[in-house]
Enquirer: 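Have a look at the structure that comes next, please.
Here the structure is a predicted model, which means the values were calculated and not measured.
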Amino acid sequence: MRPVVRAVLRGALRQVRYVKAVAPGAAQGTVAEVYAQVERDFGVLAPPLALHSPAPAPLAASWLLLRETLLVDGVASRAAKELTATAVSAANSCSYCVDVHQAALETLGAERPLPGGPDAALADWAAASGRIVRGGGSPAVPPELAAGAAGAAEIFGVAVAFHYLNRMVGVFLAGSPVPDRAPDFARGPILRTVARTMRPVVPEPLRPGASLPLLAGAPLPAGLAWARGNPAVADALGRAVAAVDEAAHWVSGPVRERLRERLDGWDGGRMGPTRAWLIEALAGLPTAERPAARLALLTAFAPYQVIDADVAALRERHPTDREVIELTSWAALTTATRIGARLTAPRTAAGR
């Protein structure tokens, strides 16, 4: 069944919007190396990863984030991590990711965290913390989670990874991995079949850190001290953020500063329902800077509002698929790490 699902998902790369994903047979260098690791350790070349392929550094960064947080065996169970991915994706209205990771949860059966248990509560907390509290950090972790909650570094790492991936998926993929022509009764079985293939080719625990050499070492970003509880997660975050920022070195100072300003004042709520908020968000920027700023702000705050004209306007000055991915990846990861800096890791009983 895995070869069939692999073939279907490789065909689904044609569904990526605005950029052309690199076909597996045409992949070279870093892209080929990432593709090989993904199919070995994840089982399938998933479109949310492959959409990054026009830009090798963001592609590698997205893989580091996913592998070292969600896939690697650690303290937190895979089920708790999938619950976190589902909860964060629901908070971000990313129906594509909800479909996939809800199906993954359903395939785990008895492994699924019990409702009300510490893992489930921590996953809910990670999702809720995506709604940034204006003027300060997120509320303290509830006392009932302060002891016994498994793998805060892993759970919060998954939350950051999916705040990132949800934004990229929202821009570049449709609402569901299941084709529109599929009948409703077939959607669940199709998704569960895909979920069952999302396992390593070799049925052995994944070794932490195997993806890290894809990117150069870098320090942990400020505000993510909770990640130090898991060295591989901390290292993945440091390398991913540095690589994405370096790839987007061409993004101008005014665009960078405007995104930072908007994040400083953001309360975590949804924008819209119209795009009227962009008028004020872009006010005062030089005309030449507006296309990049518009797409960056939409990626950060309302990826579901991106339209063809937004990408076309960027391409007038930055015509390549690589630049489209570098800009959106930078905006998405800047936002995800800002959210991550608001997370507060629970203390262990020994650390009280």
Side-chain angles (χ1 to χ4, degrees), residues 57-58 60-70 84 88 92 122 125-141 151-168 208-209 211-212 214-268 296-297 299-301 326-348 351:
S62 68
W63 172 235
L64 262 66
L65 292 173
L66 184 70
R67 185 189 188 278
E68 303 301 332
T69 63
L70 180 72
T84 303
V88 170
N92 288 326
L122 191 54
W125 163 247
S129 292
R131 298 187 289 275
I132 299 174
V133 177
R134 187 187 298 276
S138 57
V141 171
E154 299 164 22
I155 293 293
F156 289 172
V158 171
V160 169
F162 277 84
H163 278 297
Y164 170 73
L165 289 169
N166 292 162
R167 285 166 169 79
M168 296 299 286
S211 68
L212 298 178
L214 290 165
L215 295 174
L220 182 67
L224 305 185
W226 46 260
R228 294 196 180 100
N230 183 307
V233 169
D235 206 354
L237 285 165
R239 292 172 189 247
V241 170
V244 166
D245 193 63
E246 173 59 27
H249 65 88
W250 55 269
V251 177
S252 71
V255 173
R256 289 172 175 269
E257 182 58 29
R258 185 55 54 96
L259 178 58
R260 285 193 291 266
E261 289 173 353
R262 300 299 298 189
L263 285 170
D264 286 344
W266 185 42
D267 64 2
L297 291 167
T299 301
F301 301 113
E326 286 170 349
L327 174 69
T328 52
S329 178
W330 166 76
L333 193 53
T334 298
T335 306
T337 53
R338 180 68 70 91
I339 292 170
R342 303 297 178 115
L343 297 172
T344 305
R347 296 173 296 172
T348 63

Enquirer: Rounded to the nearest 0.5 Å, how far does OG1 of T334 lie from CG of D245?
Expert: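 Reported to 0.5 Å precision, the distance equals 6.5 Å.
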Enquirer: Between L224 and T337, what is the shortest heavy-atom contact and its length?
Expert: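 Smallest interatomic distance, heavy atoms only, reads CD2-O, 3.8 Å.
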Enquirer: On a heavy-atom basis, which atom in S62 and which in L165 lie closest, and how many Å separate them?
Expert: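 Taking every non-hydrogen atom into account, CB-CD2, 4.4 Å.
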Enquirer: Would you indicate whether the side-chain heavy atoms of W226 and I155 approach each other to under 4.5 Å?
Expert: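 Result no, sub-4.5 Å side-chain heavy-atom pair not found.
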Enquirer: Do I339 and V160 come within less than 4.5 Å of each other through their side chains, counting heavy atoms only?
Expert: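 Side chain of I339 against side chain of V160, heavy atoms only: no contact under 4.5 Å found.
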Enquirer: If the condition is side chain to side chain contact (heavy atoms under 4.5 Å, CB included), which residues does A248 pass it with, not counting sequence neighbours?
Expert: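 Applying side chain to side chain contact (heavy atoms under 4.5 Å, CB included) to A248 gives V251, R256, W330.
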Enquirer: Return the minimal non-hydrogen interatomic distance between V233 and A153, and the atom names on each side.
Expert: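 Between these two residues, the closest heavy atoms are CG1-O, 3.8 Å.
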Enquirer: About how many Å separate CG of L333 and CZ of R167, when rounded to the nearest 0.5 Å?
Expert: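 Interatomic distance, R167 CZ to L333 CG, rounded to 0.5 Å: 10.5 Å.
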Enquirer: To check you understand the geometry: which heavy-atom pair defines the closest contact between L214 and A60, and what is its length?
Expert: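 So the minimum-distance heavy-atom pair works out to CB-CB, 4.2 Å.
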Enquirer: Out of curiosity, N230 CG to T69 OG1, how far, rounded to the nearest 0.5 Å?
Expert: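 OG1 of T69 is found 9.5 Å from CG of N230.
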Enquirer: Indicate yes or no: at least one non-hydrogen side-chain atom of E68 is less than 4.5 angstrom from one of L237.
Expert: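 E68 vs L237: side chains apart.
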Enquirer: Apply side chain to side chain contact (heavy atoms under 4.5 Å, CB included) to A300 and list each qualifying residue two or more places apart in sequence or on a separate chain.
Expert: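 Partners of A300 by the side chain to side chain contact (heavy atoms under 4.5 Å, CB included) criterion, ordered by chain and then number, come out as L259, T335.
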Enquirer: Not counting sequence neighbours, which residues clear side chain to side chain contact (heavy atoms under 4.5 Å, CB included) with A247? List them please.
Expert: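 In terms of side chain to side chain contact (heavy atoms under 4.5 Å, CB included), with neighbours along the sequence ignored, A247 is linked to A57, P58, E326.
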Enquirer: Testing the basics here: between R239 and L215, what is the closest heavy-atom pair and its distance to 0.1 Å?
Expert: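 Here R239 and L215 meet closest at NH1-O, 2.5 Å.
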Enquirer: Locate the shortest heavy-atom distance separating S211 from R67; write the atom from each residue and the value.
Expert: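 Closest pair (atom of S211, atom of R67, distance): CB-CD, 3.6 Å.
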Enquirer: Heavy-atom distance under 4.5 Å between the side chains of L70 and F162, does that happen here?
Expert: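 Yes, side chains in contact.
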